[in-house]
Amino acid sequence: MERDVKKEQEYKNIAQKYEPKPALLKNVVMAFVVGGLISDIGQFFLNFYLSRGYSMQDANTLVSITMVFLGAFLTGIGVYDDIGKFAGAGSIVPITGFANSIVSPAMEFKREGFVFGAAAKMFTIAGPVIVYGVSTSIIIGLIYYFLK
Amino acid sequence: MAEKKLGTQTVKFKNPPSIIAGGTIVGPKEGEGPLRDYFDMILVDDTYGEKSWEKAESKMFQDAVNLALKKANLKISEIDYLLGGDLLNQIISANFAARQLNVPHFGLYGACSTMTEGLTLGAMLIDGGYADYIIAATSSHFSTAERQFRYPLEQGIQRPFTSQWTVTGAGATILASTGEGPYITHATTGKVVDLGMKDANNMGAAMAPAAADTIITHFKDTGFTIEDYDLIMTGDMGRVGRDILLELLYKEGYDIESKYKDCGIEIFDESQDVHSGGSGAACSAVVLNGWLLSQIQNGVYKKVLFMATGALLSPTSSQQGESIPGIAHAITISTTL
């Protein structure tokens, strides 16, 4: 059957009419509140580590380690997806979301074995973030080097 | 000359097979839904005591067949053919269940339309004189479908309002060459229709054009009118798909709203957070073999147009930017000939 572009456009208009709209305002507010709370927890740990006499650099590293642990732990006990359901980007963007994106496929694919299951699938979602994150930082680093 | 063919896409059976039994098994969430009283078996645990969800799904498929056999008081050795399929790659749930069942098996893939695809072919085999007893069966599982088509379960993401919830369950129907009905009298086989929808989270919109095409063709081929039917039921259009389908049909002069129901809308309550409704190959299978058969047996409906609907996408086709083709197969179930 030949594609009928006009018919497809007409249909798209009909279909769009019945598509429920996402609750944009609610989603934005929830993302702000939950994302903010996660950042508050991070700040709490930063202050805590600084008060224990760690340097700023060490305290920053320790906060990342703590937050990744919390994200992974909450994923493991099946809570993080419930937070994500109403928080949206609020729980995806922070480093806890990154931990969630690695732990959740690892849990799910361990039945296919630890090598080609858990280990291989672990980075299906996080992998692209790492690839493009590292690539972007290299490009920016080069630009900075030559413009300096 | 195909003497049993009506119009372009419909067959009228000369010796219409009887539906003699249906077996159903569903997961815990479906067991909390409004149709819970109509299922033969409700799982407490969606792994069904197995090590993986895939194994659980295959076991459900096998047990739905066994439940139906028990109701019909038949042994598997008396079955001529099993026509079965599911949503997983290489239809492993059906094939692995058939490995245990030890019965001649045709594996089918029609996505969520597989239930009526199997019933259509089964009815043809019986009417053609090739079989006395046929089993048509399908299964799906929320967790196996999610990991094949979407994201890991514990991934913290939001599901769009247009998305549907894959039904965990399996349903099997036994057709017989002799019996007291209800009969499958007609079958309209759908064409693959694609109007360019690409959103894998909006299957209702992808399937609606195929569903409308098969319903209109069925009325044209058979000469039936909407008044001839007590109920017109689709497999898994969901709330979004239903609204689009009703508008497409209304534009062509068919106002079916007063007779219309959708398995995907009926199986879950709105409070169960399934957004547009249920979906999956088991959605139409468990509603047909559970709720609908009992309604027909109790005389609530005498003539029903039942149509399972499928979205024929794969993760590969979606990633390559292909649109989602839809398909729908309709059968007429009637208590009289």
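Here is how names work: the chains are called A, B, and so on, in the same order as the sequence lines, proteins then strands, and each is numbered from 1.
Summarising the local packing, OH of B/Tyr151 is surrounded by 12 or fewer heavy atoms from other residues, nucleotides or ligands at distances under 6.0 Å. A 6.0 Å sphere centred on NZ of B/Lys259 holds more than 12 heavy atoms belonging to other residues, nucleotides or ligands. For CD of B/Glu257, the number of neighbouring non-hydrogen atoms (other residues, nucleotides, ligands) closer than 6.0 Å is 12 at most. Around atom NZ of A/Lys148, no more than 12 heavy atoms belonging to other residues, nucleotides or ligands sit under 6.0 Å away.
Across every non-hydrogen atom of A/Asn100 and B/Glu154, the tightest pair is ND2-O, 2.9 Å. Between B/Ala205 and A/Ala15, the shortest heavy-atom contact is CB-CB, 4.1 Å. Here the closest heavy-atom approach between residue B/Asp194 and residue A/Glu8 is recorded as O-OE2, 4.2 Å. In this structure, B/Gly156 and A/Ile92 approach most closely via the heavy-atom pair O-CG1, 3.5 Å. Taking every heavy atom of both residues into account, B/Ser52 and A/Arg111 meet most closely at CB-CD, 3.4 Å.
Under the 4.5 Å side-chain criterion, counting only non-hydrogen atoms from C-beta, B/Phe161 is not in contact with A/Glu19.
Using a 4.5 Å cut-off between heavy atoms, A/Phe109 contacts chain B through both its backbone and its side chain. For B/Asp273, the part sitting under 4.5 Å from any heavy atom of chain A is the side chain, from C-beta outward, and nothing else. Of the atoms belonging to A/Asp82, not a single heavy atom falls under 4.5 Å from chain B. For a residue to count as touching a neighbouring chain, one of its non-hydrogen atoms must lie under 4.5 Å from one of that chain's; by this rule A/Ala87 touches chain B with the backbone only.
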Give every donor-acceptor pair under 3.5 Å between a side-chain atom in residues 114-136 of chain A and any protein atom, sequence neighbours left out.
| unit_1 | atom_1 | unit_2 | atom_2 | d |
| --- | --- | --- | --- | --- |
| A/Thr124 | OG1 | A/Lys121 | O | 2.9 |
| A/Ser135 | OG | A/Val131 | O | 2.5 |
| A/Thr136 | OG1 | A/Tyr132 | O | 2.4 |

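The CD atom of B/Gln155 lies 10.5 Å from the CD1 atom of A/Ile102; values are rounded to the nearest 0.5 Å. In this structure, the separation between CG on B/Leu153 and CD on A/Glu108 is 4.5 Å, given to the nearest 0.5 Å. Annotation: the span from A/Gln16 atom CD to B/Ile244 atom CD1 amounts to 10.0 Å, rounded to 0.5 Å. Distance CD1/B/Ile157 to NZ/A/Lys85: 11.5 Å, rounded to 0.5 Å.
For the pair B/Lys251 and A/Glu10, the salt-bridge criterion is not met [side-chain N within less than 4.0 Å of a carboxylate O].
No donor-acceptor distance shorter than 3.5 angstrom exists from the side chain of A/Tyr11 to the backbone of B/Met197, with no hydrogens or angles considered. Judged by distance alone, with hydrogens and angles left aside, the side-chain atoms of B/Asp243 form no donor-acceptor pair with the main-chain N or O of A/Tyr18 at under 3.5 Å.
For residues 35-80 of chain A, every residue pair satisfying the ring-ring contact (aromatic ring centres under 6.0 Å, His included) rule, not counting sequence neighbours, is listed here: A/Phe69-A/Phe73.
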Show your working on salt bridge (Lys or Arg N to Asp or Glu O under 4.0 Å) between B/Arg147 and A/Glu112 and close with a plain yes or no. CA-CA 12 Å; B/Arg147 74 203 296 254; A/Glu112 279 78 19; 2.9 Å; yes

Derivation and outcome, salt bridge (Lys or Arg N to Asp or Glu O under 4.0 Å), residues A/Lys17 and B/Glu247: CA-CA 11 Å; A/Lys17 211 165 55 182; B/Glu247 169 158 349; 2.8 Å; yes

